[in-house]
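Letters A, B, ... mirror the listed sequences (proteins, then strands); counts begin at 1.
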Amino acid sequence: MTFISVSSRLLSFLRRRRIGTSSCFQSLSIGVVHFHVNDNIAKPNSIPHSTHSIPNPHIKLQQYLVQKSKSGFDNLDDALAVFDKMLKLRPLPYDFHFNQLLTVLVKMKQYQVAVSLFQEMSSRKIDVDIITFNIAINCCCHSNRVDYAFSLLLSAFKRGFVPDVFTYTTLIRGLLSQHKSAEARLFFTNLIKLNELRPNVVTYSTMINGLCKTGHTQMAIWLFRFMGKSDCKPNTVTYNTVIDSLCQHGLVDDALILQSEMMEKGILPDVWTYSPLIQVLCKLNRWEELSLLLKQMIEDMNISPNVHTFTILVDAYAKSGKLDDAKQIIKIMNERGEYPNIVTYNSLMQAYCSQGQMDEALDVLSTIKSKKMMPNCYTYNILLDAYCRELKLDIAMVLYRNMECEGLSPTVVTHNILLHGLCQLGKTMEALAFFYKIQELGHKPDIIIYQTLFAGLCKSNYVDKALSFFQTMECNGLIPESKTYNIIICGCLWNKKYNEASKLLHKMVDCGFSADALTTSLLQQILTKVQDPTLLAMHQKCLQSGNYEQ
DNA sequence: GTAGGGTTAG
């Protein structure tokens, strides 16, 4: 069942409810209670007022589940065995016992298993409540089955349950996580209009986060400001979400203003408030402000950086060539018990690689292994890239084969690094063979792989081949970017193929690309060879907009 | 029982 069909049915369901069908829901609700009373199997269906009325096996079960909700199950089989035992228990455990078990599975991220148990419970007509439905709906959303989540919502309606703010917030998050932001917005506003939902701080924060993540930052900020004027004020999570989004968009000053604002309002920042701010200040080389912010965080607010925060610092120092500072951070991490993880070590490794200190980089690999950590694809890609840049393709290839021995599947990034390495060495035919080979292995080339291939082919004067692959790429549904055009136009000019270059520039214009500095320069070169009024107009437009580099 | 949870590679 698709979302659209479920969604439209749902909204009509809600509308019907607004037009005086509340009695229908009431009777449905009574029907559910009636079902419990007359059922042959003795099944308690609501939480008893005191523990005196809970049968002894249920008390033991509850104690066991409370313990498991803290520690989790060692493995899935144990959880399933408990479920089987619960099914055999007479009288049957209460709905909240089943909810407890499902919640443990959620904590173990066993979403699909939880949904299966929910289905099993439904088929055995075991009593559930709206919380059970909410857990199942949440699990569907986490498994990217928002369509099934909506069909569960319909089932809940049909069984007389009244969805609550948890149900709707979960579904909104599900839609947003599936990039269905338009549907989420419509769902959210319609529910409010129909008085079905009174959003709480989690609902608003969920919407704001989803809007930020789907590129609707302005709308997210509008909603955030709307919240500020409403009865439901933003909390730390809400502020963190917006601050993070502003940082992602490079709007660090706005983010810093928001961080001051939250403190003035008495909303305490946490480590997650500071991490994106730290990251963006590092990126912009605003070291003095960074040091003030770190001082505020650690000394004034008494917030300790976590592994994530420290890793941001290691990476920033590494990228700025401040290798000693990066090493110092690692030392502090070890002293404070915030031990470096694979990401931290990868950043450190990159620092050594960028300085050409390959022996030290390999030492980091040994450290990773000695600490019983598993190198990941990033680890190998960093090393492979460094060796390729040093034109040591043989070593890179050995490492590439090593990846598979360690159970790591090379990614499209790995293949691009090697393809680039082959092209750099002028081994164009080997590069082409490698390009075919990765496809035979089932890897789909992306736009960057194609760009590497085009650059390699053009460099070796195989521009016709590059043009032919350009068509193949488009047939495969990949949309060229302005960089893609620039590479291939540059190749055409290099090979004196002015008409082909001109055609590509026309195509760029037709596709709505505006010329950047490189395109403008290429355009100028073509105009010295080809008389073309359209390109001339384009070039003049570029010069007027100041989009030109010598 | 619902939100954030973002760090590393081409």
* Within the structure, does a side-chain N or O atom of A:Arg173 lie under 4.0 Å from either OP1 or OP2 of B:dT2? -> no
* To do: Would you classify A:Val412 as touching base, sugar-phosphate or nothing, given that sugar-phosphate means primed atoms plus P, OP1 and OP2, and contacts are heavy atoms under 4.0 Å?
  => base
* Centres of the A:Phe133 and A:Phe118 rings: under 6.0 Å? -> yes
* Which nucleotide in the list B:dG4, B:dT8, B:dG10 gets nearest to the side chain of A:Ile448? -> B:dG10
* Interatomic distance where OH belongs to A:Tyr378 and P belongs to B:dG10 [whole Å] -> 10 Å
* Asked: Counting any heavy atom closer than 4.0 Å, what does A:Thr169 reach on the DNA or RNA strands: base, sugar-phosphate only, or nothing?
  -> base
* What nucleic acid atoms does A:Thr411 come within less than 4.0 Å of, heavy atoms only: base, sugar-phosphate, or nothing? -> base
* Asked: Please give, in whole Å, the distance from B:dT8 C1' to A:Met373 CE?
  -> 13 Å
* NA contact type, A:Asn240, heavy-atom cut-off 4.0 Å: base, sugar-phosphate, or nothing? -> base
* Closest to side chain of A:Val343, choosing from B:dT7, B:dT2, B:dA9 -> B:dT7
* Asked: On a plain distance test, is the side chain of A:Asn235 in donor-acceptor contact with the base of B:dA3 below 3.5 Å?
  -> yes
* **Closest listed nucleotide, where the reference is the side chain of A:Asn381 and the choices are B:dT2, B:dG4, B:dA9** => B:dA9
* Asked: How is A:Ser275 classified with respect to the nucleic acid when contacts are heavy atoms under 4.0 Å: base, sugar-phosphate, or nothing?
  -> nothing
* Selected nucleotide, minimal atom distance to A:Val413 side chain, candidates B:dT8, B:dT2, B:dG10 -> B:dG10
* Pick base, sugar-phosphate or nothing for A:Ile382, based on heavy-atom distances below 4.0 Å to the nucleic acid. => sugar-phosphate
* Asked: Is a donor-acceptor contact shorter than 3.5 angstrom present between the side chain of A:Thr170 and the base of B:dT2?
  -> no
* Asked: Which part of the nucleic acid, if any, lies within contact of A:His308, taking any heavy atom under 4.0 Å across all strands shown: a base, the sugar-phosphate backbone alone, or nothing?
  -> base
* How is A:Gln248 classified with respect to the nucleic acid when contacts are heavy atoms under 4.0 Å: base, sugar-phosphate, or nothing? -> nothing
* **Neighbour count above 12 (heavy atom, 6.0 Å) for A:Glu390 CD** => yes
* Distance only, no hydrogens: is a donor on one side chain within 3.5 Å (strictly under) of an acceptor on the other, for A:Thr273 and A:Asp270? -> yes
* Using atom NZ of A:Lys319 as one end and atom P of B:dT7 as the other, report the distance to the nearest whole Å. => 11 Å
* Structure fact -> Here the distance between atom P of B:dA3 and atom NZ of A:Lys213, to the nearest Å, is 13 Å
* Structure fact -> From CZ of A:Phe435 across to P of B:dG10 the rounded distance in Å is 21 Å
* To do: Taking only Lys NZ, Arg NE, NH1 and NH2, and the carboxylate oxygens of Asp or Glu, determine whether A:Arg145 and A:Asp147 approach each other closer than 4.0 Å.
  => yes
* To the nearest Å, how far apart are A:Lys283 NZ and B:dT7 P? -> 11 Å
* Asked: Between A:Tyr400 and A:His415, is any side-chain donor less than 3.5 angstrom from a side-chain acceptor?
  -> yes
* Length of the line joining A:His142:NE2 and B:dG4:C1', which is rounded to integer Å -> 12 Å
* Asked: A:Met227 CE to B:dA3 C1': how many Å, rounded?
  -> 10 Å
* Describe the nucleic acid contact of A:Asn306 in one word from base, sugar-phosphate, nothing, applying a heavy-atom distance below 4.0 Å. => nothing
* To do: Under 4.0 Å between any heavy atoms, over every strand shown, what does A:Asp244 touch: base, sugar-phosphate, or nothing? Just pick one.
  => base
* Pair A:Asn138, A:Arg173: side-chain N/O donor-acceptor within cut-off below 3.5 Å -> yes
* Using only side-chain N and O atoms of A:Gln424, determine if any of them is under 4.0 Å from OP1 or OP2 of B:dG10. => no
